[in-house]
Amino acid sequence: MSLISTIIRPEILAQSSYHVPDAHNMVKLDAMENPYPLPDAIKAEFGAHLAHVALNRYPVPTYRLLKDKICREFGIPAGFDVMLGNGSDELISMLSIACAKPGAKVVAPIPTFVMYAISAQLAGMEFVGVPLSEDLGLDMSAMLAAIQEHRPALLYLANPNNPTGSWFDEADLLQLINAMSDIGLVVIDEAYQPFAPSSMMPRLPEFAHVIVMRTVSKIGLAGLRLGYMSAAPELLAEVEKVRPPYNINVLTAAAAEFLLDHMSIFDEQAHKLCVEREALIKELQSIKNVHAFPSKANFVLIKIENSEQIFKKLLARRILIKNVGKMHPLLTNCLRVTVSTPEENRLFIDALKATLLEA
Ligand SMILES: *Cc1c(COP(=O)(O)O)cnc(C)c1O
């Protein structure tokens with residue numbers, strides 16, 4: 001056996017690395033990015049702001065100014081604080097590390113965001129996925145049974161869910177939160193909150209074991225790598241101990257501090273994307289043999305015969321979407337497309353129609 005294969009943990013040797021396709025020259029509709037660049041009107045001011053950042057200094061490790069602005073702009077309940085991550089990916093990873101006692105488990109409905117399982121496994125925890133129902137909603141009896149059987153340290157609920165776009169009822173979430181109250185922590189992942197009808201954030205003070213997690217990635221700042229989460233202060237204080245002291249770099253912090261004073265830009269873009277989402281769903285539903293699932297996020301899941309072939313033909317037409325057909329049996333023949341500008345959505349629809357005609 002080679003040195004590498006004896007030293008590296010077997011569960012890591014067994015994993016395949018996260019594949020990111022080459023998007024050069026593509027209409028990029030695969031990663032839920034906001035298509036709108038920063039408006040020219042604020043670019044110069046933004047540049048000047050960043051030019052004053054002290055790159056020779058470590059970040060101020062409390063990140064107090066940035067956290068205060070996040071609390072103010074994103075409706076964090078009074079008396080509650082946030083913890084920052086290098087993207088919410090890092091928050092998920094830190095939660096795993098904090099909870100990875102021997103035998104500790106992580107539960108989530110599946111298909112869902114893949115990092116919950118990957119991060120659990122990297123931390124040495126068992127991940128248990130509970131399949132969604134056929135209509136991609138929560139299978140409540142299976143969820144409640146899994147909670148009793150596995151007694152998970154962490155339960156993840158992405159709402160809206162990725163890659164399905166499903167929106168879970170607050171009553172169902174509350175039932176799962178109650179079922180978990182003497183068992184483990186519940187993470188409500190609101191990565192798509194700007195496109196969703198409501199949030200759990202205001203109800204956070206009612207629970208000692210609930211974490212609400214969000215990111216600025218999907219509202220137009222994916223390149224910044226900034227996620228945040230809030231929870232009861234006693235809980236947050238423990239997870240904070242896992243955080244590397246300077247995990248948010250000075251440029252990200254300075255950029256976010258500046259942009260949080262211009263949130264109306266991103267709110268307007270999110271609103272436009274919601275309008276576009278409904279138009280896109282309607283258009284997709286009018287195409288024969290295409291089923292578009294309802295979505296409360298900035299993407300739409302579609303089911304279509306020969307999805308594999310359609311995906312490849314769209315690629316040939318320089319349209320990059322996400323092929324999720326192999327993720328889970330519930331997603332057989334499914335593709336996921338990010339909602340973009342009216343122009344890019346049109347390019348996608350036209351390419352899809354042309355592809356279907358060829359078939
Ligand atoms: C995109 C996504 C994230 C990751 O966000 P980053 O802050 O970019 O790491 C987290 N959760 C869900 C459900 C997502 O879809």
Side-chain angles (χ1 to χ4, degrees), residues 18-21 23 28-35 63 66 70 74 82-97 106-120 122 127 129 132 136 138 154-168 173 185-196 199-201 211-230 243-244 247-249 252-253 255-256 259-260 266 270 273 277 293 295-301 321-322 324 327-328 331 334 336-340:
Y18 193 91
H19 173 69
V20 178
K28 193 171 183 313
L29 305 174
D30 65 325
M32 282 79 88
E33 291 149 325
N34 172 338
Y63 297 103
L66 175 55
I70 286 175
F74 295 127
V82 289
M83 176 174 160
L84 305 179
N86 193 321
S88 41
D89 283 354
E90 192 193 25
L91 293 170
I92 294 165
S93 160
M94 291 188 285
L95 279 170
S96 303
I97 292 170
V106 175
V107 167
I110 52 167
T112 190
F113 188 47
V114 292
M115 290 312 293
Y116 308 146
I118 293 174
S119 172
L122 289 179
F127 178 83
L132 293 169
L136 305 183
L138 284 173
L154 288 167
L155 171 67
Y156 283 98
L157 296 163
N159 200 33
N161 187 43
N162 171 16
T164 59
S166 329
W167 176 248
F168 305 139
L173 297 192
L185 306 177
V186 181
V187 183
I188 310 287
D189 183 345
E190 297 188 345
Y192 300 95
Q193 185 275 330
F195 315 102
S199 167
M200 266 310 203
M201 194 67 90
I211 295 168
V212 176
M213 179 185 284
R214 294 195 193 147
T215 173
V216 300
S217 293
K218 312 293 159 49
I219 57 171
L221 302 170
L224 278 191
R225 308 309 300 131
L226 181 65
Y228 59 96
M229 64 185 185
S230 189
R243 188 179 62 80
N247 64 328
I248 307 301
N249 73 73
T252 291
L259 295 167
L260 283 163
F266 302 100
L273 290 168
R277 172 186 69 204
F293 288 91
S295 169
K296 294 295 175 198
N298 63 339
F299 59 86
V300 179
L301 185 74
I321 63 174
K322 180 95 172 175
V324 295
M327 253 184 92
H328 190 273
L331 298 182
C334 283
R336 187 192 68 192
V337 59
T338 306
V339 180
S340 185

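Note that ligands are numbered from 1 as they come in the structure, with each ligand's atoms numbered from 1 the same way.
With hydrogens and angles ignored, the 3.5 Å screen pairs no side-chain donor or acceptor of Arg336 with any backbone N or O of Thr164. Of the possible polar contacts, none joining the Ser230 side chain to the Val82 backbone as a donor-acceptor pair under 3.5 Å is found. A donor-acceptor pair under 3.5 Å is absent between the side-chain atoms of Asn161 and the main chain of Thr112, judged by distance alone.
Residue pairs meeting the salt bridge (Lys or Arg N to Asp or Glu O under 4.0 Å) criterion with at least one member in residues 219-228, sequence neighbours excluded, are Asp89-Arg225.
Residues meeting the side-chain contact (heavy atoms from CB on, under 4.5 Å) test with Arg243, sequence neighbours left out: Tyr63, Met83, Met94, Glu240, Asn247. With sequence neighbours left out, Gln193 forms a side-chain contact (heavy atoms from CB on, under 4.5 Å) with Glu190, Ser199, Arg214.
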Quick one: ligand 1 N/O to protein N/O pairs below 3.5 Å?
unit_1, atom_1, unit_2, atom_2, d
ligand 1, 5 (O), Ser88, OG, 3.0
ligand 1, 7 (O), Ser88, N, 2.7
ligand 1, 7 (O), Ser88, OG, 3.0
ligand 1, 7 (O), Thr215, OG1, 2.5
ligand 1, 7 (O), Ser217, OG, 3.3
ligand 1, 8 (O), Ser217, OG, 2.6
ligand 1, 8 (O), Arg225, NH1, 2.8
ligand 1, 8 (O), Arg225, NH2, 3.4
ligand 1, 9 (O), Ser88, N, 3.2
ligand 1, 9 (O), Asp89, N, 3.0
ligand 1, 9 (O), Asp89, OD1, 3.2
ligand 1, 9 (O), Arg225, NH2, 2.9
ligand 1, 11 (N), Asp189, OD1, 3.4
ligand 1, 11 (N), Asp189, OD2, 2.6
ligand 1, 15 (O), Asn162, ND2, 2.9
ligand 1, 15 (O), Tyr192, OH, 2.6
ligand 1, 15 (O), Lys218, NZ, 3.1

